[in-house]
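All remarks here apply to the structure that follows.
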Amino acid sequence: MFKKVLIANRGEIALRVIRTCKEMGIRTVAIYSTADKESLHVRFADEAVCIGPPSSTDSYLNIPRIMAAVEITNADAVHPGYGFLSENAGFAEVCEQYGIKFIGPSAAMINAMGDKITAKETMIKAKVPVVPGSDGAVTDVKKGLVDAKRIGYPVILKATAGGGGKGMRIVNGPEEFAEQLEKAQIEAGAAFGNDAMYMEKFVEEPRHIEIQVIGDRYGNVAHLSERDCSVQRRHQKLVEESPSPFMDQKLRTKMGKAAIAAAAAINYEGVGTVEFLVDKHRKFYFMEMNTRIQVEHTVTEEVINRDLIKEQIKVAAGEAISGKNYFPTCHAIEVRINAEDPYNDFRPSPGHITSFHSPKGHGVRVDTHAYAGYSVPPYYDSMIAKLICKAETREECIKKMSRALDEFVIEGIKTTVPLHIQLMKDERFKSGDVTTKFLEDFDLKPL
Ligand code: MV4
């Protein structure tokens, strides 16, 4: 087992990893920017190294500075958390070269899933269902129009270097094709330095259902059931739950098998997530694979009663998994509390938290680095807490979440708490009839 893990991240996930390491008897090193001096991950780690000024490029994204912190603290492993360098193949490679275990996928696995055309071709070979689309890249308008006609409008253009919704364009008919392709290429070129595009049939009002997987270095892969992440806004998830209200055991078995096949196709080692689009006919299609621990891993932890960070560290250290799949034994919902104003187009609302009280009680979990007196810096992601509730049924879970949200006191900044309070009372949400379009149609009333 590792002796000392450096956590190359900040906020709640840094704290989350520190907690598990402590329970496993592993020493921890926090890194921090000058903006995070007062952050709890700095306080609760065994050691902490300041690596630079607030700007991410000079701190949490700065590989040479992080490697210097690894060297001076003698850490033998790095946990990248989510975001920042968690899916950076270059960082994984540098760690490998220095003999430091990167608690995440290898550079090869990141690259296999990072290029979306390659990923899709790999999935087709592994017999994982994909959305019908172009054969490889869309290089010119003339060929693209022929392909789009065969696929049938509406189609969606996606950047092969993209993911998470960046560089996507919907095309409703041939008259729009040239214009949308050019716009998408310009956008993708600016965002990723790569303007290669591919095309798919546009699946209307899909659900976003993802399967948690885990693999070890001996070739065993298992699934840990699904999370429904359909409640999103501009590709930012706001609510996640497990089991999905749309799921039944037959579909879970099929999607679980597909997710395992997807991970096995790239010899996946570690914890990962296979994202699917699911249409109203219960047809599911591979969307992308995330090769990191995700924000919403906690929902799975609650329903299968396992510490996923612990499992992740164990497989990274070379332990074998049992290979058995896990199924939900209760219902869990997570809401993301962001320092944003839901009444003002979700504008970031950083600043000083004057008062902070977390909900408590049976079945209530809060993962946060915030506290009364903490200042939310304006430089990073706006998520300041995750509230996770679990109960025997979805209905009970929603009631518990409503109760917990009512107890949440955060003063001094604006947060997404009022949005969640109303969501939990929404008839459509309560019925489980939620697609990725749901939040667009949701109108927030003054409290
Ligand atoms: C799609 C789609 C419909 N049809 N692909 C968005 C994020 C990126 N991973 C892929 N995304 C989509 N791909 C086809 N062929 C709709 C989306 C999409 C979406 C997916 C999941 C959750 C929220 C979404 C919001 C808008 C669009």
Can you establish whether the number of heavy atoms outside K116 located under 6.0 Å from its atom NZ is more than 12?
-> yes
Can D36 and Y60 be counted as having a side-chain donor-acceptor contact under 3.5 angstrom?
-> yes
May I ask you to say whether R150 pairs ionically with D147, meaning some side-chain N is under 4.0 Å from a carboxylate O?
-> yes
Cut-off 3.5 Å, side chains only: do D58 and N62 have a donor facing an acceptor?
-> no
Flag the pair K314 and D307 as a salt bridge only when some basic side-chain nitrogen lies within less than 4.0 angstrom of an acidic carboxylate oxygen.
-> no
Do S349 and D341 have a side chain donor and acceptor closer than 3.5 Å?
-> no
Separation between CG of L181 and CE of M197, rounded to the nearest 0.5 Å = 6.5 Å
Are any side-chain N or O atoms of S106 and backbone N or O atoms of M109, one a donor and one an acceptor, separated by less than 3.5 Å?
-> yes
Tell me which donor-acceptor pairs under 3.5 Å the side chains of residues 434-447 have, and how far apart each pair is, sequence neighbours excluded?
from : atom 1 : to   : atom 2 : distance (Å)
T435 : OG1    : E205 : OE1    : 3.4
T435 : OG1    : K437 : N      : 3.2
T436 : OG1    : P206 : O      : 3.1

Is the backbone N or O of N172 less than 3.5 Å from a side-chain atom of E176, with the two atoms forming a donor-acceptor pair by type?
-> yes
Would one find more than 12 heavy atoms of other residues, nucleotides or ligands at under 6.0 Å from atom CZ of R347?
-> no
Tell me yes or no: between the side chains of E340 and T416, is some donor less than 3.5 Å from an acceptor?
-> no
Any side-chain donor near an acceptor of the partner, H352 and S375, under 3.5 Å = yes
May I ask you to decide if Y82's main-chain N or O and N9's side chain share a donor-acceptor pair within less than 3.5 Å?
-> yes
Check: Y380/S33 side-chain N/O donor and acceptor closer than 3.5 Å | yes
Looking only at atom types and distance, does a side-chain atom of T329 sit under 3.5 Å from a main-chain N or O of V303, one as donor and one as acceptor?
-> yes
Decide whether T273 and E210 meet the rule of one side-chain donor and one side-chain acceptor closer than 3.5 Å.
-> no
Electrostatic pair K101-E96, nearest N-O below 4.0 angstrom | no
Do any N or O atoms from the side chain of N325 and from the backbone of H223 form a donor-acceptor pair under 3.5 angstrom?
-> yes
Give a yes or no answer on whether the side chain of K201 reaches the backbone of Y153 with a donor-acceptor pair at less than 3.5 Å.
-> yes
Return yes if some donor-acceptor pair links the side-chain N/O of E240 with the main-chain N/O of K237 below 3.5 Å, else return no.
-> no
Pair H297-Q312, side-chain donor/acceptor within less than 3.5 Å | no
Ionic contact status for E427 with K430, cut-off 4.0 Å | yes
When you check the side-chain N and O atoms of E226 and S244, is any donor under 3.5 Å from an acceptor?
-> no
Say whether S230 and D228, considering side chains only, have a donor N or O and an acceptor N or O under 3.5 Å apart.
-> yes
Donor + acceptor pair across side chains of E396, H331 (<3.5 Å) = no
Under the 3.5 angstrom rule, does the side chain of E301 hit a backbone N or O of L308 as a donor-acceptor pair?
-> yes
May I ask you to decide if F346's main-chain N or O and Y343's side chain share a donor-acceptor pair within less than 3.5 Å?
-> no
Is atom OH of Y218 surrounded by more than 12 heavy atoms (other residues, nucleotides or ligands) closer than 6.0 Å?
-> yes
Is there a donor-acceptor contact under 3.5 Å from the side chain of N111 to the main chain of G114?
-> no
Are E241 and R394 close enough for a salt bridge, meaning some N to O gap below 4.0 Å?
-> yes
Any side-chain heavy atom of N338 within less than 4.5 Å of one from I384?
-> no
SB check R282 D248 (cutoff 4.0 Å) = yes
How close do F276 and I211 get, heavy atom to heavy atom, and via which atoms?
-> CE1-CG1, 3.7 Å
Taking all atoms of both residues into account, what is the closest heavy-atom pair of F91 and L85, and its distance?
-> CD2-CB, 3.5 Å
Please table the atom pairs, donor to acceptor, closer than 3.5 Å between any side-chain atom in residues 124-135 and protein atoms at least two apart or in another chain.
from : atom 1 : to   : atom 2 : distance (Å)
S134 : OG     : G136 : O      : 2.9
S134 : OG     : M199 : N      : 3.0
S134 : OG     : M199 : O      : 3.4

For T160, all residues meeting side-chain hydrogen bond (donor to acceptor under 3.5 Å, both in side chains), sequence neighbours excluded = D115
Please confirm whether R207 makes a cation-pi placement over F246, using NZ or CZ under 6.0 Å from the six-membered ring centre and within 45° of the ring normal.
-> yes
Smallest separation among heavy atoms of R65 and P53, with atom names = NH1-CD, 3.3 Å
Does R169 reach the side chain of I156, with side-chain heavy atoms less than 4.5 Å apart?
-> no
Smallest heavy-atom separation, P54 atom then T34 atom, equals CD-OG1, 3.2 Å
Using distance alone, with no hydrogens and no angle criterion, decide if E12 and T368 have a side-chain donor and acceptor under 3.5 Å apart.
-> no
Among side-chain atoms of R336 and Q236, is any donor-acceptor pair under 3.5 angstrom?
-> no
Distance-only side-chain donor-acceptor flag, R227 / T300, under 3.5 Å | yes
